[in-house]
Amino acid sequence: MPHDHHDHVSPSGHPYRADDDTPLSYWQTMEIAVRELLVEKDITTAEEINTQIDAMDARSPAIGAALVARAWCDPEFKTQLLADASAASREMGFDIGPMHLIALENTADTHNIVVCTLCSCYPRNLLGLPPDWYKSRAYRSRTVKEPRKVLSEFGVNLPNSMPIRVHDSTADMRYFVIPMRPDGTEDLSQDALAALVTRDSMIGTGIATAPIT
Amino acid sequence: MGTQALVNDPFAVGTSVRIRPFMPPGHVRAPVYLRGKTGTIERAIAPFKNPEQLAYGLPAKEHMLYRVRFRAGDVWDKDAENPDDMIEAEIYAHWIEKMDQSHAA
Amino acid sequence: MDTQTDGRRWHDMGGQDAGPISDDQHDFSLWEKRVDALMILCSGKGYFTVDGLRRVLEDMGEEAFETMSYYERWIASINQNLIESSAYTTEELATKMAEVEARGTTYGDASLGK
């Protein structure tokens with residue numbers, strides 16, 4: 001298998017939480033026991049678990065960014081994405097599993113932001129696993145009531161004249177934001193545009209910005 | 001989203017609705033801050049199995065899932081940062097009532 | 001304490017007061033990724049649903065949210081759901097956990113270096 005699970009630094013440069021060389025915890029013991037019981041009972045296999053881990057590792061904000069950049073360049077695709085984001089993602093060849101996806105378009109008069117107040121639902125099959133803050137009490141509690149203050153903590157200061165639409169991901173749908181295409185990017189290729197689309201801009205806690213030239 | 005117009009759909013797009021104000025125990029997907037609040041149907045999504053039964057490993061009936069749009073001013077009153085900001089959430093049909101059958105708020 | 005005096009449960013956080021948003025971030029270790037994979041595989045095979053995962057996480061209460069890590073809570077909930085759906089018994093789990101614990105004092109040793 002090409003993937004080495006024992007790297008000490010992940011591709012994003014953050015350290016993995018220590019596991020192999022720290023004292024075995026009760027919950028780690030439970031994970032090993034549950035996994036081995038499931039394999040012994042032919043409910044799953046070690047290979048299937050590794051394949052699932054690799055599939056999840058392969059998902060990252062780059063996938064969402066590719067969708068956004070294409071939507072910026074191809075109005076027909078944007079229409080498809082807004083009508084049925086799951087189908088449009090699959091059409092581009094991305095394996096989003098059974099996820100029901102809705103794309104939200106930021107415009108000159110709407111800024112969208114996504115939260116899950118009841119747990120931490122996130123479009124993980126599109127963007128990979130969520131950042132820690134998305135799962136935090138602070139983000140889950142405050143975003144529906146004071147989105148402007150929350151956004152300012154992310155460095156996004158919106159004028160009061162810009163209406164905000166907060167999407168609480170309460171049930172079966174998952175959401176991602178198509179940020180506004182930055183000014184001055186008319187000459188950039190689709191790939192170069194994709195590089196401007198950050199994870200946070202697709203959650204709505206950031207915006208896509210033009211490269212400094 | 002494969003949404004079909006339902007015959008006799010009581011919750012057509014744009015209908016004013018209220019989220020039922022009940023406070024039962026157990027696993028529920030209608031958040032408390034929206035219960036008793038009024039909004040409008042933004043879209044019907046699709047029928048999904050009732051999570052309140054799925055959560056207990058029980059056979060689950062399908063309920064229509066809606067996206068309901070609320071004005072921040074209607075949810076938070078004077079505490080809203082901007083009363084014209086919007087909140088949208090997914091709410092199951094059994095948590096929604098039409099305003100014209102309103103119980104006094 | 002699962003329930004506030006008005007019936008609001010601890011996990012139902014929308015609109016509650018809370019502090020600033022922290023940008024602390026970590027990537028997941030192997031055991032955490034395995035927990036994630038077990039959830040996806042077992043729910044995909046029909047042993048339980050994501051709703052069952054959430055129900056147990058909610059019933060574990062606020063103290064668990066504050067004191068256990070995300071995937072510690074997940075493995076606790078996954079295990080509870082698997083026992084409820086007869087994937088294995090509590091006795092089988094207990095026996096296996098004792099066997100795992102006897103293998104060594106680190107995760108690497110206890111998971112047989114795998």
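We name chains A, B, ... by the order of the sequence lines, and we start the count at 1 in each one. Quick note: numbers below take in every heavy atom, side chains included, and nothing from hydrogens, waters or symmetry partners.
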Contacting moiety of B:Val32, where chain A heavy atoms sit under 4.5 Å: neither
Neighbourhood of chain B inside residues 66-79 of chain A, taking heavy atoms under 4.5 Å as contact: none
CA sep, side-chain torsions, deciding dist, call: B:Glu81, A:Lys145, side-chain contact (heavy atoms from CB on, under 4.5 Å): CA-CA 8 Å; B:Glu81 285 181 325; A:Lys145 190 168 183 180; over 6 Å; no
Heavy atoms from other residues, nucleotides or ligands near NZ of B:Lys49 exceed 12 (cutoff 6.0 Å): no
Neighbour count above 12 (heavy atom, 6.0 Å) for A:Asp109 CG: yes
By salt bridge (charged side-chain N to carboxylate O under 4.0 Å, His left out) - contacts of A:Glu153 (at least two apart): A:Arg142
From B:Asn82 atom CG to A:Ser161 atom OG, the distance as rounded to the nearest 0.5 Å: 9.0 Å
B:Asp85 (side chain) donor-acceptor with A:Pro163 (main chain) under 3.5 angstrom: no
Within residues 87-95 of chain B, residues adjacent to chain A where the heavy-atom gap is under 4.5 Å: B:Ile87, B:Glu88, B:Ala89, B:Glu90, B:Tyr92
Salt-bridge criterion met for A:Asp172 and B:Arg29 (N-O under 4.0 Å): no
Under 4.5 Å from a heavy atom of chain B, the part of A:Ile164 involved: both
Reported CG-to-OG1 distance for the pair B:Leu65 and A:Thr170, which is rounded to 0.5 angstrom: 7.0 Å
CD on B:Glu42 to NE2 on A:His167, rounded to 0.5 Å: 8.0 Å
For B:Trp76, all residues meeting ring pair (Phe, Tyr, Trp, His ring centres under 6.0 Å), sequence neighbours excluded: B:Tyr33
Spacing of CZ belonging to B:Phe70 relative to CZ belonging to A:Arg165, to within rounding of 0.5 Å: 13.5 Å
Segment of A:Leu158 engaging chain B (4.5 angstrom heavy-atom cut-off): neither
Best-contacting candidate, B:Ala72, B:Ala80, B:Pro51, B:Pro31, against chain A by heavy atom pairs under 4.5 angstrom: B:Pro31
Step-by-step side-chain contact (heavy atoms from CB on, under 4.5 Å) determination, B:Arg67 to A:Ile102: CA-CA 11 Å; B:Arg67 268 159 62 74; A:Ile102 289 181; 3.8 Å; yes
